[in-house]
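So the structure is just underneath, and the comments pick up after that.
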Amino acid sequence: MIGNKENPISAFIDVALGYYQKMRLQREEIDILFYLAALRICHSVVASAYESSLPSNKNKPYIMISARPGWECLQWLATRRSLDGPSNRLFEVLTGKSKDNCQCKRCSIM
């Protein structure tokens, strides 16, 4: 999980860049990528909490391995006013273009 990094955004950009080098993403996909990642982390911590709460579960320590870094990442993200800045940075890293200088139809109307 990326959550145990000091700056989850830079770690996430590294992962996204590796993916993007193999499979190009559309502009709309890049725009929502951080939000989808945060949603996935939310799902992970909630699923871990639920599974560990079951009385029949004897694997609580294993299940809770990702919970702490997941919560830390979500808390770190919650301190940000917006993910627009990181989203813009991700766009720049992946495409090599600034959204301000992008000539695509979507950017030109923003």
Please name the pair of heavy atoms, one in Glu29 and one in Arg24, separated by the smallest distance, quoted to 0.1 Å.
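In terms of heavy atoms, the two residues are closest at OE1-O, 4.5 Å.
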Going by the side chain to side chain contact (heavy atoms under 4.5 Å, CB included) test, name the single residue among Pro69, Ser44, Cys42 that passes it with Leu74.
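For Leu74, the side chain to side chain contact (heavy atoms under 4.5 Å, CB included) test succeeds with only one of Pro69, Ser44, Cys42, which is Cys42.
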Any chance you could measure [X], atom [atom1], to [Y], atom [atom2], to the nearest 0.5 Å?
X: Met64; Y: Trp71; atom1: CE; atom2: CH2; result: 9.5 Å
X: Gln26; Y: Ile32; atom1: CD; atom2: CD1; result: 11.5 Å
X: Cys73; Y: Arg68; atom1: SG; atom2: CZ; result: 14.5 Å

Contacts under 3.5 angstrom, residues 11-23 side chains, donor-acceptor by atom type, not counting sequence neighbours:
none

